[in-house]
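Quick notes on the structure that follows.
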Amino acid sequence: MMEKLRKIANEFQLKGEIRNIDSLGDGFINDTFIIRTEGDCPDYILQRKNKNIFPDVPAMMENIRKVTDHIRKRVVKQGGNPLREVMTVIPTTGGKLYFVDDEGQYWAVSVFIDNTTAYNKADTEELARKGGEGIGKFQAMLSDFTEPLAETIKGFHNIRHRFLQWDEALLRDAAGRVASLKEEIGWIESRREEMLDFWKMVEDGRIPTRTTHNDTKINNILFDENGSVLCVIDLDTVMASTSLNDFGDAIRSYTNTGDEDDKDLKKVSMSLPMFRAYADGYLSQRAAQLTERELEYLAFSARYITYEQVLRFLMDYIDGDTYYKVKYPEHNLVRTHAQYKLLQSMEQQYDKMCSIVKELTNKYTK
Ligand code: GN1
Ligand code: MG
């Protein structure tokens with residue numbers, strides 16, 4: 001394996017001799033490695049992109065190139081460090097943004113940014129505040145980005161599209177699990193209409209479409225030694241959508257008092273202080289730019305994305321675990337239950353979440 005990885009790594013324009021290559025992180029989709037080099041040369045991230053999930057890796061890499069080129073210019077203009085504050089994609093020796101190995105697998109390399117921390121959980125309000133500020137700045141830097149982006153995963157946060165997949169999955173019943181999931185399926189069906197009502201506003205433009213990250217959970221963000229966001233990574237799903245997704249997905253991750261796949265549901269809930277902290281950081285950067293309707297639906301977006309996540313985990317369980325990596329056979333069902341508990345906690349605290357958004361909007365716009 002090691003030899004194979006070395007061979008692949010050597011296809012890219014790396015500076016320095018490779019010392020070793022190790023596994024890194026626990027993403028659910030791609031396989032990630034770190035290439036350590038000798039001497040002062042940078043280390044690199046090597047990723048095998050999951051082509052079952054991203055059908056057009058070249059288009060995805062082109063999206064990443066466009067977006068990182070844009071951010072790089074902004075960082076330079078603001079006097080920042082372009083080697084640390086934006087992802088740098090390393091091309092192959094032939095000048096391509098990806099390499100296809102002899103098994104048809106797609107690989108890509110970017111510069112590893114050292115002296116940073118990626119968290120799997122937000123433990124302090126300060127971290128949540130900084131996280132919100134970071135995504136707010138990220139969105140602000142992309143506010144004048146006008147190039148077209150490919151849709152790397154069709155209908156990624158489009159609940160109408162998800163329901164098409166969902167209805168098919170129920171009919172197919174590929175793993176023979178549907179009969180045992182009446183209660184869980186009911187959780188999805190009972191909220192179908194309200195979720196579609198929200199998405200209709202995105203479809204007809206009442207909620208604007210912008211350039212968004214679409215996967216803002218906390219471990220896709222690098223923090224520096226002062227605890228500020230240094231760089232937003234994992235840009236595989238950068239696409240045009242509603243910026244509310246990025247708020248909602250971050251709230252799903254930062255505010256959870258338990259784990260995304262907690263077996264102990266008593267531990268899972270949405271922390272309102274963490275919600276306030278993240279929203280405060282985010283709105284400090286974005287309140288003045290968002291439309292009134294975006295602000296009105298900011299709190300709802302957390303319910304929307306968490307609901308969608310319940311649907312996606314459950315659908316994958318129904319399909320026989322073909323999308324997400326699982327560590328044990330019931331993992332997707334455990335994730336479904338834990339995310340549903342989180343959704344219920346958001347629903348119970350929804351009025352308070354809305355008041356907090358209003359209060360913070362006033363703080364940053366008046
Ligand atoms: C996946 O790849 P990773 O772990 O950053 C998924 C997200 C889910 C998340 C759940 C392309 O993100 O949409 O919200 O798992 N990414 C893709 O933790 O489907
Ligand atoms: Mg990730």
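Counting begins at 1 with the first residue of the sequence. Atoms within each ligand, like the ligands themselves, are counted from 1 in listed order.
- Annotation: D249 places no N or O atom under 3.5 Å from an N or O atom of ligand 1; distance criterion only.
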Hey, can you pull the donor-acceptor pairs under 3.5 Å for the side chains in residues 247-259, sequence neighbours left out?
from: D249; atom 1: OD1; to: R252; atom 2: NE; distance (Å): 2.7
from: D249; atom 1: OD1; to: R252; atom 2: NH2; distance (Å): 3.3
from: D249; atom 1: OD2; to: T216; atom 2: N; distance (Å): 3.2
from: R252; atom 1: NH1; to: E260; atom 2: OE2; distance (Å): 2.7
from: R252; atom 1: NH1; to: Q339; atom 2: OE1; distance (Å): 3.0
from: R252; atom 1: NH2; to: E260; atom 2: OE2; distance (Å): 3.2
from: S253; atom 1: OG; to: I218; atom 2: N; distance (Å): 2.9
from: T255; atom 1: OG1; to: I251; atom 2: O; distance (Å): 2.6
from: N256; atom 1: OD1; to: G258; atom 2: N; distance (Å): 2.9
from: T257; atom 1: OG1; to: K267; atom 2: O; distance (Å): 2.6
from: T257; atom 1: OG1; to: S269; atom 2: N; distance (Å): 2.9
from: T257; atom 1: OG1; to: S269; atom 2: O; distance (Å): 3.2
from: T257; atom 1: OG1; to: S269; atom 2: OG; distance (Å): 2.8

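- Contact annotation for E308 and ligand 1: no heavy atom of the residue comes within less than 4.0 Å of the ligand.
- Between Y323 and ligand 1, an N or O atom pair is found at a separation short of 3.5 Å.
- A cation-pi geometry, defined here as NZ or CZ lying under 6.0 Å from the six-membered ring centre and within 45° of its normal, holds between K263 and Y328.
- Of all atoms in ligand 1, numbered sequentially from 1 with element shown, those under 4.0 Å from a heavy atom of Y324 are 8 (C), 15 (O).
- The N/O atoms of N220, backbone and side chain alike, include one that comes under 3.5 Å of an N/O atom in ligand 1.
- D262 contributes no side-chain N or O that, together with a main-chain N or O of V268, makes up a donor-acceptor pair within less than 3.5 Å.
- The one candidate from N362, L360, I356, T365 that meets the side-chain contact (heavy atoms from CB on, under 4.5 Å) condition with L283 is L360.
- Note: no N/O pair closer than 3.5 Å links F156 and ligand 1 by distance alone.
- Geometric assessment of K51 against the ring of Y98 yields a negative cation-pi assignment under the 6.0 Å and 45° thresholds.
- Distances between N or O atoms of T237 and those of ligand 1 include no value under 3.5 Å.
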